[in-house]
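Throughout, protein chains are lettered first and strands after them, A, B, ... in sequence-line order, and every chain is numbered starting at 1.
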2 protein chains.
Amino acid sequence: MSPPLHISISEKLRHQIEAGVYASGDRLPSEHQLMETFSVSRITARQAVANLVSQGLAIAYRGKGVFVTPQKKVTYSLSSPLVFLEQDMARQGVAFSFENLEFEPVAAPRDVAAALEIGKASPVYLQKKLFRMDGAAGAVDVSYLIADLGERFAPLLEQQMTFPTLAQHGIPIDCLDAVIECTHADYDLSGYLEVPLGHALMVYRYTAYSSNQQPVLYGSTISRADRFCYSLSTRAGASA
Amino acid sequence: MSPPLHISISEKLRHQIEAGVYASGDRLPSEHQLMETFSVSRITARQAVANLVSQGLAIAYRGKGVFVTPQKKVTYSLSSPLVFLEQDMARQGVAFSFENLEFEPVAAPRDVAAALEIGKASPVYLQKKLFRMDGAAGAVDVSYLIADLGERFAPLLEQQMTFPTLAQHGIPIDCLDAVIECTHADYDLSGYLEVPLGHALMVYRYTAYSSNQQPVLYGSTISRADRFCYSLSTRAGASA
DNA sequence: TAAGCTCACTTGTTATAACAAGTTGACTGC
DNA sequence: GCAGTCAACTTGTTATAACAAGTGAGCTTA
């Protein structure tokens, strides 16, 4: 009949977060404090916190404490792929920046070669970028460019790679196939995005084709599911 | 240096799942068996299993065991909203069916009233549907129809509500705004979709507008993140 | 002053123990 | 043969205990 203790406690904390008792970025009571407040064992207190963490409401740091996750979600509008990501963010009052993590020629892995319709281990350019939203790491973009595109884009590294930028430099992108899916954090990405293992991530996986139907760009943007979402509209030029 | 025991164990199990040692639907070793196999305490064995569950690779049933989650992901193509959901599923070789859970007039909650641009507590129709993919519950759709649309649609309950169906009955849908986001299972939905608390869910939240720019339909399709993803293409009529 | 150390506090990992609760198959009694 | 019971097995919840490891403030020492 009555729910488990750890559920009751995490629900109580969740309500307090939603009611503003603990604001975005605030530290939640430590496990020891929860033990005393609710007269439970550390296992129960820990599980209550784990519920919040798995729901993306909080994040725990060893040695520091558990902190409320920023609840503001940023929307990227898919319906107007020509709009700069910066503009999308600015409309929502979010300071946006990005930094290049890597840009180097590599041999195409199997899935990349298949998507770009080139031979396995053909030369491609690997580009890794980190997007920051209000200073905090919000998304990681890992993309592969066909060799020709990579060489042409190399001098433009400081710019966001958008369709207009590419078109200006003689690489018009004609169409884009994309999949939006949800996956889970593994150890690799935890480093960039500071998400606990198993936490939900949004993945925007895309293949861009040039005017001659040739795939030229394949990659994915991986973001924290609790900080990023996608919108689209059938209205031409709509900005939902 | 060395990773925690529970991580090592869950990684080993994950590799075995990916290698086919445990196929989709198979039962994993029980906590007791894992204790003996890896010479660890039940807490460690449990945590290893919990890792798999939180990553969506397995699901646990009390009294029965832990079973490998079906890994096949179903894609719904957003670029052609006129395509029937059934067709999208059929293309992927998935048996699709849906059942009406509820259809009744209710007073519009606050967020619904705002989306439909009507007064709070105005009469609307609540429609709740369950989508089945290969027999298993895959998604729940909860939508609200303006009163007029609800009355006209009531006799058509056995049909999927798609844009062509609506247009045939004098309700042309002109445009659609949608947001795709990720959220986490709460107790309400766990019942329908059989997902553990905190598990990632995909939410497709939409507002449909009639030809006179009036919002007529607002709702969301909630699906298991590990079983459902969305695709879109800028190619007209593409079927990625 | 500045560098380095220590200590208190935090979460992370792991062990042992016990009971609750749901499932399943075998066994018993009719 | 069938129905009901029970025992064995499963995961779920909770407690107590100890150590590991990261952080940060404050103190000590050069």
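Using a 4.5 Å cut-off on side-chain heavy atoms (C-beta onward), A/L52 and A/V66 make no contact. At a threshold of 4.5 Å between non-hydrogen side-chain atoms, the residues B/L116 and B/V124 count as touching.
Between the NZ atom of A/K64 and the P atom of C/dA8 there is a distance of 22 Å, given to the nearest Å. Distance A/E31 CD to D/dC19 P: 18 Å, rounded to the nearest Å. Taking atom NE2 on B/H32 and atom C1' on D/dG12, their separation rounds to 17 Å, with Å as the unit. As rounded to whole Å, 17 Å separates atom P of C/dT13 from atom CZ of B/F38. A straight line from CE of A/M35 to P of C/dC9 spans 14 Å, rounded to a whole angstrom.
B/F131 pairs with exactly one of B/V140, B/I222, B/V74, B/T221 by the side-chain contact (heavy atoms from CB on, under 4.5 Å) rule, that one being B/T221.
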Check your understanding: Is there a side chain to side chain donor-acceptor pair (under 3.5 Å) between A/Y144 and A/D111 once you walk through the steps?
Key -> CA-CA 11 Å; A/Y144 294 87; A/D111 59 325; over 6 Å; no
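For the atom pair CD (B/E31) and CZ (B/R46), the distance works out to 4.5 Å, reported to the nearest 0.5 Å. For the atom pair CG (B/D134) and CE (B/M89), the distance works out to 10.5 Å, reported to the nearest 0.5 Å.
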Could you go over nucleotides 14-16 of chain D and give all protein N or O partners under 3.5 Å, atom names and distances?
residue: D/dT14; atom: OP1; partner: A/L5; partner atom: N; Å: 2.4
residue: D/dT14; atom: OP2; partner: A/L5; partner atom: N; Å: 3.3
residue: D/dT14; atom: OP2; partner: A/H6; partner atom: N; Å: 3.3
residue: D/dA15; atom: OP2; partner: A/S41; partner atom: N; Å: 2.7
residue: D/dA15; atom: OP2; partner: A/S41; partner atom: OG; Å: 2.7
residue: D/dA15; atom: OP2; partner: A/T44; partner atom: OG1; Å: 2.6

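Listed nucleotides C/dT10, C/dG12, D/dT11 differ in distance to B/S30; the shortest reach to its side chain belongs to D/dT11.
In terms of position on DNA chain D, the residue among A/R62 and B/Q33 whose nearest nucleotide sits closer to the 5' end is B/Q33.
Within 4.0 Å of A/V49, counting heavy atoms only, lies no atom of the nucleic acid at all.
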